[in-house]
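Worksheet: one structure, shown below.
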Amino acid sequence: MLEETNPEALNRQKQIRRTGLKELPNAKKGEVVLRFAPNPNGPLTLGHARGVTINSEYANLYDGKVVLRFDDTDSKVKPPIKEAYRWIESDYEWLTGKKPDVIIRASERMDIYLEYAEKMLGEGFGYVCKCSAAEFKKLRDNSEECSCRNKTEQENLSDWILMNDGSLGEGTAVVRVKTSVNLPNPALRDWPALRIQHSLHPMVGNKYKVWPLLDFQSAIEDYLQGVTHIIRGKDLMDSTRKQTLLYEHFDWEYPETLYWGRVKIHEFGSFSTSGMRKDIEKGVFNGWDDPRLPTLRALQRRGFDADAMKDFWIDLGLTQKDISVSLQTIEAFNSSVIDERCERRAFVRDPELLDIEFIDGNYLSTLSIKRHPTSHIEGDRIWDLIDRKIYLEKKDLLKKEIRLKDFADVEIKKQKVSVQSYERLDKRAIVHWLPISMAKKAILTIPEGDKIVIQEGMMEDFELIKGSIVQLERVGYAIIESENNSDIIQLLWLHG
RNA sequence: GCUCGUGUAGUGUAGUGGUCCAUCAUGAAGCCCUCUCGAGGCUUCGACCCGGGUUCAAAUCCCGGCACGAGCACCA
């Protein structure tokens with residue numbers, strides 16, 4: 001049957017799994033311009049990481065450019081932080097491994113936006129509206145025009161001057177884009193483009209009295225930068241529609257637009273920069289790099305690898321579904337990247353000191369153990385056994401016969417362990433341990449939700465280099481935070 | 001309420017009319033290997049929101065439900 005109707009269906013290839021990002025619609029190699037536009041009111045979070053990764057990856061794929069644009073046109077509700085510009089640039093660079101192709105700040109391009117606003121008023125597709133927000137909402141919800149809508153260009157332009165010279169106070173006037181009050185979607189009806197803000201801006205002070213809103217500023221700037229593809233959250237779908245109406249007025253062509261849905265990480269919930277800022281100010285967290293926080297700098301500090309993060313976001317891809325993923329998934333990506341370059345070290349929590357007794361009174365004075373079990377890293381760790389005292393984890397003492405990893409089968413008797421064989425003779429449990437001469441006190445800090453859990457123990461004192469990630473055998477990965485010859489080793493937990 | 005969007009295993013994701021009793025990752029369970037509870041290898045578990053329709057054939061197209069999410073700020 002099938003042979004008659006559709007013969008080629010019979011020898012079609014099995015569909016293969018697409019890897020990497022989907023093709024960008026209407027994209028020509030070498031001509032793609034993308035943008036990533038954060039508000040500089042804090043450093044980048046895991047949520048931003050998606051935008052950074054997807055945009056820069058598409059730029060790579062199409063030999064395109066990424067514009068990093070600081071959307072800092074609100075100094076009141078989400079005031080910019082002066083340092084955040086720098087933070088974001090460095091977070092971006094950490095994650096992508098390179099600088100953005102273009103960096104601009106909306107606040108330094110204000111003259112341009114105001115010029116376009118004036119043009120809009122002069123050409124009659126915008127107007128200065130003096131209704132209160134509440135009044136306008138009421139009119140808009142009933143598809144009614146407000147009386148400001150039919151002012152002449154001259155009247156609008158003179159009101160515009162009053163807005164700009166500071167004669168009109170905050171909240172008394174707003175510039176609207178004329179669309180139509182009959183649009184089915186109320187959000188699009190004569191939407192506000194610029195409003196008055198007299199508050200001080202951290203970068204340009206009180207130079208401007210009128211500031212554009214996101215939809216206006218972003219629309220103008222995307223045009224000016226020649227942005228060909230906008231990739232944004234789907235919560236901004238109405239922005240696309242508003243901006244498209246503005247582009248029609250200016251007779252410009254709107255970029256291709258793609259959307260992603262909302263991402264939550266089980267362990268963190270959603271990412272609110274302003275929320276974190278408050279908590280840091282209140283002292284709930286110690287700073288933007290507090291290991292409990294989902295900021296990129298906190299993740300970087302803990303030892304997450306930028307390439308692993310990138311792999312993770314590309315694997316999630318670009319879908320409009322709202323998703324909630326587990327940190328475990330990111331950790332799995334991270335482990336696969338870092339494992340082969342992490343040396344092993346012993347860390348004995350809840351340590352118990354015991355005497356060790358060798359066979360026939362003979363004893364070994366040193367022991368060589370691989371830095372990495374599959375020799376991704378050459379060389380050995382040398383352990384000194386001369387003192388004949390070792391640390392074991394209390395819970396491992398419950399078993400009576402265990403094997404000290406990389407050393408010997410032993411029997412546990414009260415405060416003593418005695419070697420039965422250096423060869424491995426049976427399948428007894430293998431535990432990690434530490435000779436006293438190699439042990440240094442260590443504190444492992446584990447972020448757990450909103451809390452910090454501290455575990456004390458004895459750490460293998462062998463080439464502990466600040467900033468390096470080690471795998472604590474039978475425990476998990478951690479980063480060394482203390483200086484190289486500290487008396488107490490500070491470890492920060494990464495993951496299992 | 002209005003407007004918009006999304007529904008594939010526990011969690012993500014591939015797949016846009018046939019070879020799909022549906023891909024891959026992660027997860028869980030188990031096994032092998034390894035002197036780590038790590039790495040590697042293998043096995044198993046587990047999904048097309050529901051109901052109609054179109055068609056020889058539907059995860060895929062159409063209609064209707066339902067569920068979830070977002071926008072309806074002089075925030076971004």
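The sequence lines fix the lettering, A, B, ..., with proteins before strands; numbering per chain opens at 1.
Taking atom NE2 of A:His376 as the reference point, atom P of B:A39 lies 13 Å away to the nearest angstrom. Regarding A:Arg140, its CZ atom lies at a distance of 9 Å from the C1' atom of B:A73, rounded to whole Å. Distance, A:Glu135 CD to B:A73 P: 15 Å, rounded to whole Å. Rounded to an integer number of Å, the gap from CD of A:Glu267 to C1' of B:G27 is 13 Å. Between A:Ile469 atom CD1 and B:A39 atom P the separation is 15 Å, expressed in whole Å. If you take CG of A:Leu188 and C1' of B:C2, they are 12 Å apart, rounded to a whole angstrom. Rounded to a whole Å, the CG atom of A:Leu168 is 13 Å from the C1' atom of B:C74. Atom pair A:Asp215:CG and B:C75:C1' shows a separation of 10 Å (rounding to whole Å applied).
Side chain A:Arg403 to base B:C35: a donor-acceptor pair is found below 3.5 Å. Contact annotation: side chain of A:Lys405 to base of B:C35, donor-acceptor pair absent below 3.5 Å. Not a single donor-acceptor pair, N or O on each side, falls under 3.5 Å between the base of B:U11 and the side chain of A:Gln328. At a cut-off of 3.5 angstrom, counting only N and O atoms as typed in the model, there is no donor on one side facing an acceptor on the other between the side-chain of A:Arg18 and the base of B:U23.
In this structure, A:His495 has its ring center closer than 6.0 angstrom to the ring center of A:Phe304. Checked against the 6.0 Å centroid criterion, the rings of A:Trp433 and A:Phe407 qualify as a close aromatic pair.
Side chains of A:His198 and A:Asn206: no donor on one and acceptor on the other come within 3.5 Å.
Contact annotation: A:Arg195 side-chain N/O to B:A76 OP1/OP2 distance is under 4.0 Å. Contact annotation: A:Lys137 side-chain N/O to B:C72 OP1/OP2 distance is not under 4.0 Å. Between A:Thr319 and the phosphate of B:U13, there is a side-chain N or O to OP1/OP2 separation shorter than 4.0 Å. Within the structure, a side-chain polar atom (N or O) of A:Thr73 is placed less than 4.0 Å from OP1 or OP2 of B:A76. Taking only side-chain nitrogens and oxygens, A:Arg262 never comes nearer than 4.0 Å to OP1 or OP2 of B:G69. One finds a side-chain N or O of A:Lys321 lying less than 4.0 angstrom from the OP1 or OP2 phosphate oxygen of B:U8.
Within the 4.0 angstrom heavy-atom criterion, base atoms lie near A:Pro373.
Nearer to the 5' terminus of RNA chain B, by closest-nucleotide assignment, is the contact made by A:Phe407 (compared with the other of A:Ser132 and A:Phe407). Nearer to the 5' terminus of RNA chain B, by closest-nucleotide assignment, is the contact made by A:Phe333 (compared with the other of A:Leu194 and A:Phe333).
The side chain of A:Ile323 lies closest to B:G12 when the candidates are B:G12, B:G5, B:C35. Distance from the side chain of A:Asp406 is smallest to B:C35 among B:A76, B:C74, B:C35.
Annotation for A:Asp238 and A:Ala187: closest pair OD2-CB, 3.8 Å, computed over non-hydrogen atoms. For the residue pair A:Val210 and A:Met110, the shortest heavy atom distance occurs at O-CE, 3.1 Å.
The shortest distance between side-chain heavy atoms of A:Ser180 and A:Arg189 does not fall below 4.5 Å.
Checking B:G40 for Watson-Crick or G-U wobble geometry (two distances, each under 3.5 Å) identifies B:C32 as its partner. Searching all strands for a Watson-Crick or G-U wobble partner of B:C4 with both distances below 3.5 Å returns B:G69. Nucleotide B:G10 is matched to B:U26 when pairs are restricted to Watson-Crick or G-U wobble geometry with both distances under 3.5 angstrom.
With both ends at atom P, the span from B:C24 to B:C31 equals 24 Å, rounded to whole Å. Spacing between B:A22 and B:A57 at atom C1', rounded to whole Å, works out to 16 Å.
A:Arg344 has no carboxylate O lying under 4.0 Å from a charged side-chain N of A:Glu473, or vice versa, which leaves the two without a salt bridge.
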